[in-house]
Amino acid sequence: MSASITTDVVRAAEVIRLGGLVAIPTETVYGLAAHALDPQAVARIFEAKNRPHFDPLIVHVARREQVEGLVTRIPEGAEALMERFWPGPLTLVLPKRECVPDLVTAGLPSVAIRIPDHPVAQDLLRTSGLPLAAPSANLFGRVSPTTPQHVAEQLADRIDLILDGGPCRVGVESTILHVGDDGRLTMLRPGGVPLESIEAVAGLVAMPDRASHEGAQLAPGMLPSHYAPRALVTIVDSFEGLADPGEVGVLSLEPVREPGRFAAVEVLSAAGDLAEGASNLFAAMRRLDAMADVRRIAARLCPERGLGRAINDRLRRAAK
Ligand code: TXA
Ligand code: MG
């Protein structure tokens, strides 16, 4: 089997209804989608990605009203976040109903949900009429795909269809927020919606203490080593004075001095814009990794604000 790349949403919906796997475009990254309430279909996602079963999936829906069918309650505060950020790159973790298979949630009492802001994803969600479980459409532990070609490189012979919606606009995955029974918000993953924007709507957001039992339970699947390219990634303070620059691929938000010294240079945004940088991050990592003379990748962290938080999180995890 080798999945074809198509723009045929009706065919994709048919594959989904029959329990198959379709890679779908979203505004963040491509997802690997299956009927969220069909445990056998969901099991195929884990198989195709080599994903461990302790790592739960995000459920995508077309409309706000579908959320009620998947969760037991919507705590205070979550409502305002849905209103402001959906459709969009914000995932909310809420108490699940029994109809959501344990496989989707890795046995947790909660389910992660979002409405994606992409016309093709929306079209598929409406045409199929189903909630879709979808992690990023890459092999487990590897860089997330932001084009249909990225998906094909890793998964073509493991899935049924790739739905083409062009390159992803945001380029990093959704921000994940756990919503407690008391409405308390905990940020499980920085992503496409900046922390500052969330706090402006919902007040202070807590960070999980990953070392604690509670923190570990809230945020399963947040593995330190992730987004791993083939080449060794190191975080550096400066690109000056690096050993053997001719073997180094540089990953920088802004233009660097004397780029000719290095094996390759990827500048994420000529103007140093964090949102533009995020949208280019994963494709740049892949390009560096594909170059034969790049033995090591050196990256500098961005300012820790706005989408810089999500970029830095992915860089740190690529470097572990
Ligand atoms: O932008 C995105 O979020 C993309 C697109 C396809 O929507 N999806 C995505 O899924 O990036 P992925 O592969 O990162 O996996 C979802 C992560 C899990 O690793 C886990 O950390 C968290 O979401 N998650 C899912 N369900 C959860 C739950 N019930 N409690 C806590 N965390 C959960
Ligand atoms: Mg992923």
Side-chain angles (χ1 to χ4, degrees), residues 22-34 36 42 45-46 48-61 70-71 85-97 100-118 120-122 124-125 131-146 150-151 154-155 163 165 168-180 185-193 208 210 214-228 278-279 282 307 310 313-314 317-318:
V22 179
I24 62 164
T26 81
E27 78 282 31
T28 58
V29 301
Y30 273 72
L32 182 56
V42 173
I45 295 178
F46 286 89
K49 284 191 54 133
N50 289 335
R51 185 177 175 107
H53 285 95
F54 61 74
D55 194 357
L57 308 179
I58 295 172
V59 176
H60 301 71
V61 296
L70 300 170
V71 309
F85 296 110
W86 281 2
L90 177 67
T91 296
L92 296 176
V93 175
L94 297 163
K96 88 173 188 85
R97 272 191 202 273
V100 181
D102 282 336
L103 203 49
V104 170
T105 66
L108 292 168
S110 57
V111 58
I113 305 182
R114 78 181 190 98
I115 300 182
D117 184 17
H118 191 291
V120 177
Q122 291 264 349
L124 177 65
L125 286 163
L132 299 179
S136 50
N138 50 281
L139 290 169
F140 180 71
R142 304 278 289 278
V143 179
S144 296
T146 53
H150 293 164
V151 178
Q154 289 187 9
L155 296 179
L163 198 50
C168 301
R169 174 171 57 80
V170 176
V172 291
E173 299 87 343
S174 60
T175 302
I176 305 181
L177 276 187
H178 180 273
V179 187
L185 301 175
T186 309
M187 170 120 112
L188 302 185
R189 176 175 76 185
V193 177
R210 292 189 199 286
E214 194 205 357
Q217 280 197 327
L218 277 184
M222 289 285 116
L223 301 181
S225 169
H226 220 93
Y227 308 96
S279 75
F282 289 146
L307 281 163
D313 171 77
R314 308 310 188 263
R317 284 199 266 160

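Computed from a predicted model, the values in this text were never measured in an experiment. The analysis underlying the following values was restricted to heavy atoms, covering all of them including side chains, and did not include hydrogens, waters or symmetry mates. The residues of the chain are indexed from 1 along the displayed sequence. In listed order, ligands and their atoms are each counted from 1.
Taking 4.0 Å as the cut-off, S110 counts as a neighbour of ligand 1 on heavy-atom distance. In this structure, H60 is part of the shell of residues with a heavy atom less than 4.0 angstrom from ligand 1. Residue contacts with ligand 1: P89 is excluded, as none of its non-hydrogen atoms falls under 4.0 Å.
A side-chain N or O of E173 and one of S144 form a donor-acceptor pair less than 3.5 Å apart. No side-chain N or O of T91 forms a donor-acceptor pair with one of R189 less than 3.5 Å apart.
Here T105 has no heavy atoms under 4.0 Å from ligand 1, in either its backbone or its side chain. Only the side chain of R189 comes within 4.0 Å of ligand 1, judged by heavy-atom distances. If you look at R51 next to ligand 1, the close heavy atoms, those under 4.0 Å, all belong to the side chain. Only the side chain of R114 comes within 4.0 Å of ligand 1, counting heavy atoms alone; its backbone N, CA, C and O stay farther away. Contacts of I176 with ligand 1, taken as heavy-atom pairs under 4.0 Å, involve the side chain alone.
Between atom CD1 of residue I113 and atom CG of residue L92 there is a gap of 8.0 Å, rounded to the nearest 0.5 Å. Rounded to the nearest 0.5 angstrom, L32 CG and L132 CG are separated by 10.5 Å. Here the CZ-OG1 distance, from R114 to T175, works out to 9.5 Å after rounding to the nearest 0.5 Å. The OG1 atom of T26 sits 11.0 Å away from atom CD of Q122, with the distance rounded to the nearest 0.5 Å. Rounded to the nearest 0.5 angstrom, N138 CG and Q154 CD are separated by 5.5 Å.
Distance alone, capped at 3.5 Å, places no donor-acceptor pair between the H178 side chain and the V93 backbone.
Between D55, I58, T28, it is I58 that holds the heavy atom closest to atom 16 (C) of ligand 1. Heavy-atom proximity to atom 13 (O) of ligand 1, evaluated over S136, P95, A23, is greatest for S136.
Taking a cut-off of under 4.0 Å to the non-hydrogen atoms of L188, the atoms of ligand 1 that pass are 31 (C), 32 (N). Counting atoms of ligand 1 from 1 in the listed order, those under 4.0 Å from a heavy atom of A112 are 25 (C), 26 (N), 27 (C). Interface of L108 with ligand 1, defined as ligand atoms under 4.0 Å from a residue heavy atom, comprises 28 (C), 29 (N), 30 (N). With ligand atoms numbered from 1 in the order given, ligand 1 contributes 10 (O), 13 (O) to contacts under 4.0 Å with heavy atoms of P135. Close approach of ligand 1 to V93 is summarised as follows: ligand atoms under 4.0 Å from at least one heavy atom of the residue are 28 (C), 29 (N), 30 (N).
Remark: R51 CZ is packed, more than 12 non-hydrogen atoms of other residues, nucleotides or ligands lying under 6.0 Å away.
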Take V71 and V111 through the test side chain to side chain contact (heavy atoms under 4.5 Å, CB included) and record every step on the way to the result.
CA-CA 7 Å; V71 309; V111 58; 3.9 Å; yes
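The Mg ion (ligand 2) has S136 among its coordinating residues (N/O/S atom, backbone or side chain, under 2.8 Å).
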